[in-house]
Amino acid sequence: MGTVAFLNEAKEATGKGAVLVTGGAGFIGANFVLDWLVLGKGTVVNLDKLTYAGNLHNLESVGGDPRHIFIEGDIGDVALVGKLLNEHRPCAIVNFAAESHVDRSIHGPADFIATNIVGTYHLLESARAYLQNLSAAEQGEFRFLHVSTDEVFGSLEADDKPFTESHQYLPNSPYSASKAAADHLVRAWHHTYRLPVLITNCSNNYGPYQFPEKLIPLMIHHALTDRPLPIYGDGQQRRDWLYVADHCAALRRVLERGRVGDTYNIGGCNERSNIDVVHALCDILDAERPRADGRSYRGQITFVGDRPGHDRRYAMDAGKIGRQLDWSPAETFETGLRKTVRWYLDNTDWVERVADGSYRDWVQQNYSNR
Ligand code: NAD
Ligand code: DAU
C-alpha cells in the first residue's frame with residue numbers, strides 16, 4: 001500500500017488522515033496544495049511563515065474548504081510542529097518551506113541559513129519524534145519528502161551531460177549551498193535514524209503564482225508596466241524550465257511510488273538561454289497584449305551587470321523518474337509559457353497586490369547599482 005492509500009484508509013478509519021505541507025503559501029507549495037485538493041487527495045495541513053514570498057491570496061480558491069487547514073508558523077518552531085503532527089497525524093510531510101531567491105541570498109544570506117538549514121534540521125527532528133508515536137504500520141507508510149533544487153550540483157560547461165542523481169554536489173551561491181546542506185541533513189537522518197525520506201531535485205519552475213522577483217514573472221510584470229527588461233550579463237546562461245503543475249505531478253508520483261532513501265531529479269528537458277526565454281515572452285505578449293505604440297516588447301530589453309558567481313548552465317537528466325516512476329512532463333515550454341503569460345494577463349490584481357512597498361524596495365536594492 002502506498003502513502004496515498006494509507007492516507008485514504010487513515011482518513012476513513014480516523015477522519016484524521018492528512019499531509020503536512022510546509023511553505024504551502026509560496027509559489028510551488030500553493031500550486032501543490034491547490035492541485036492536491038482538486039484531485040481529492042485528502043486533507044492538507046499547510047504550515048507557512050508568510051514571509052514576503054508567502055501569500056494567502058494564492059489559496060483564496062480553497063478558503064472555505066475544510067480539507068485545507070492553514071497555520072501561520074515557522075518550520076523551526078519545534079513546539080508548534082510537534083503539536084500539529086500529534087494533532088493531525090499526517091502520513092507525510094512535504095517540505096517546500098525555504099528562502100528561494102538566489103539574488104536575495106547574495107544580498108543577505110542569514111535567512112537562508114536559518115530556514116533552509118537550521119529550519120530543516122528542526123523539522124527532521126520533529127518528524128523523528130513524531131514517528132516514535134506511530135504504530136509500526138503507520139511508521140512503514142510515513143514519508144518525509146524534501147523538495148530541493150538542481151542548483152546543488154553547480155554549473156555545467158556547454159558540452160557537459162545533464163546532471164544525474166549521482167552528480168557531485170558543487171553549490172556556488174549562498175542559496176544553493178544552504179539547499180545542499182539541507183539535502184545532506186535529510187540524507188543523514190535516513191542513514192542514521194532510518195527516517196523514511198525522499199529527496200527531489202528540480203530545475204527552474206514557472207507558472208501561476210510565482211513571485212515577480214524571478215525571471216519569467218518579473219519580465220512579464222516589467223513589460224506590462226513599460227519598464228526595462230533587465231538581462232544579467234550576456235543573457236547566455238541556460239536553465240531547464242519546467243511548468244509548475246508538472247513538478248507537482250512529479251512530487252505526487254514520488255510520494256506514492258518513490259523508493260525510501262532515494263533522490264529523484266525532475267526536469268523539463270527544456271533548456272533555453274535567458275535571452276531566448278525573454279524573446280519568447282516578448283513575442284507572446286506582442287500577440288496577446290500588443291503595446292499601444294505598436295512596437296515589440298523586445299525594445300524594452302536592457303543588459304545589466306551580471307549576478308556575482310552566476311551559474312552558467314543547468315540541465316537535468318530526468319531519466320530515473322521517467323523509467324522507475326513513469327513520470328514525464330505534460331507541458332512543452334511553448335504551451336507552458338503561453339499558459340503562464342495568460343495567467344498573468346488575467347491576474348494583474350494578484351501582481352499589483354504582491355508588488356507592494358517591500359517589493360519596490362527589493363527592485364531598488366537589486367537593480368539600481370547594476
Ligand atoms: P517561494 O519563495 O515562492 O515560497 C517559499 C514559501 O516558504 C513561502 O510561502 C514562505 O513564506 C515559506 N517559508 C519561508 N521560510 C519559512 C519558514 N521558516 N517556515 C515556514 N514557511 C517558510 O519558493 P518556491 O519557488 O515555491 O520554492 C519552494 C521550494 O522548492 C523551495 O524549497 C525551493 O528551494 C524549491 N525549488 C524551487 C524551484 C523554483 O524554480 N522555484 C525549483 C526547484 C526547487
Ligand atoms: O534551478 C532551480 C532554481 O531556479 C530554484 O532552486 C530557485 O529557487 C529559483 O529561484 C531558480 O533559480 P534561478 O537563479 O535560476 O532563477 P531566477 O528566476 O532568479 O533567474 C533565472 C535566470 O535569469 C538566471 O540565470 C538569472 C537570470 N535573470 C534573473 C533575473 C531575476 C536575469 O537575467 N535577470 C533578472 O532580472
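Counting starts at 1 for both ligands and their atoms, in listed order.
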Is the distance from the ring center of [X] to that of [Y] below 6.0 Å?
| X | Y | result |
| --- | --- | --- |
| Tyr52 | Phe211 | yes |
| Tyr130 | Phe142 | yes |
| Tyr264 | Trp327 | no |

Any idea which atoms of ligand 2 are less than 4.0 Å away from a heavy-atom of [X]?
| X | value |
| --- | --- |
| Tyr367 | 30 (C), 31 (C), 35 (C), 36 (O) |
| His101 | 19 (O) |
| Glu213 | 31 (C) |
| Asp150 | 1 (O), 2 (C) |
| Val102 | 14 (O) |
| Thr149 | 1 (O), 2 (C), 3 (C), 5 (C), 6 (O) |
| His310 | 24 (C), 25 (O), 26 (C) |
| Ile231 | 33 (O) |

Do the side chains of [Y] and [X] get nearer than 4.5 Å, heavy atoms only?
| X | Y | result |
| --- | --- | --- |
| Asp226 | Gln300 | yes |
| Phe112 | Pro174 | no |
| Tyr297 | Arg289 | yes |

Between [X] and ligand 1, does any nitrogen or oxygen pair lie at a separation below 3.5 Å?
| X | answer |
| --- | --- |
| Ile75 | yes |
| Ile28 | yes |
| Asn205 | yes |
| Tyr175 | yes |
| Ser148 | no |
| Asn55 | no |
| Gln210 | no |
| Thr115 | yes |
| Asn95 | no |
| Glu99 | no |

Hey, does [X] sit under 4.0 Å from ligand 1 if you only count heavy atoms?
| X | result |
| --- | --- |
| Ser203 | yes |
| Ala114 | no |
| Gly119 | no |
| Phe211 | no |
| Tyr52 | no |
| Thr22 | no |

Suppose we measure from [atom] to each protein heavy atom; which comes out shortest, and what is that distance?
| atom | answer |
| --- | --- |
| atom 4 (O) of ligand 1 | Gly26 CA, 3.5 Å |
| atom 28 (C) of ligand 1 | Phe96 O, 3.5 Å |
| atom 11 (O) of ligand 1 | Asp48 OD1, 2.6 Å |
| atom 16 (C) of ligand 1 | Lys49 CB, 3.7 Å |
| atom 1 (P) of ligand 1 | Ser100 OG, 3.5 Å |
| atom 34 (N) of ligand 2 | Pro230 O, 2.8 Å |
| atom 3 (O) of ligand 1 | Phe27 N, 3.1 Å |

*Could an N or O of ligand 2 be found under 3.5 Å from any N or O of Asn204, whether backbone or side chain?*
yes
_Polar contact flag for Leu215 and ligand 2 (N/O pairs, less than 3.5 Å)_ = yes
*asked:* A quick test of your reading: do over 12 heavy atoms of other residues, nucleotides or ligands sit less than 6.0 Å from CZ of Arg312?
replied: yes
*asked:* Does atom NE2 (His310) have a neighbourhood of more than 12 heavy atoms from anything else shown, all under 6.0 Å?
replied: yes
*Among Ile, Leu, Val, Met, Phe, Trp and Tyr joined by side-chain contacts under 4.5 Å, find the other residues sharing a cluster with Val152 and list them by chain and number.*
Phe153, Leu156, Phe163, Tyr169, Tyr314, Met316
_Heavy-atom nearest option to atom 13 (P) of ligand 2, drawn from Gln210, Lys214, Glu151_ = Glu151
*Return the option from Arg307, Glu99, Gln236, Arg239 holding the heavy atom at the smallest distance from atom 20 (O) of ligand 2.*
Arg307
Lys/Arg N to Asp/Glu carboxylate O, [X] vs [Y], below 4.0 Å:
| X | Y | answer |
| --- | --- | --- |
| Asp77 | Lys49 | no |
| Arg187 | Glu165 | no |
| Lys339 | Glu331 | yes |
| Asp103 | Arg307 | yes |

*ILVMFWY cluster, Leu50 and Phe27 together (side-chain gap under 4.5 Å)*: yes
*Would you please name every residue forming a ring pair (Phe, Tyr, Trp, His ring centres under 6.0 Å) with Tyr243, sequence neighbours left out?*
Tyr206
*Counting only heavy atoms, which portion of Ala30 has something under 4.0 Å from ligand 1: side chain, backbone, both, or neither?*
neither
*Just checking, is any N or O donor in the side chain of Ser358 or Asp361 under 3.5 Å from an acceptor N or O on the other one?*
no
*Using only heavy-atom distances, determine whether the side chains of Asp150 and Ser203 contain a donor-acceptor pair under 3.5 Å.*
no
*Quick one: look at Asp240 and ligand 2, take heavy-atom pairs under 4.0 Å, and tell me if it's side chain, backbone, both or neither.*
neither
*Please could you name the atoms of ligand 1 that Ala97 approaches to less than 4.0 Å, counting only its heavy atoms?*
7 (O), 20 (C), 21 (N), 22 (C)
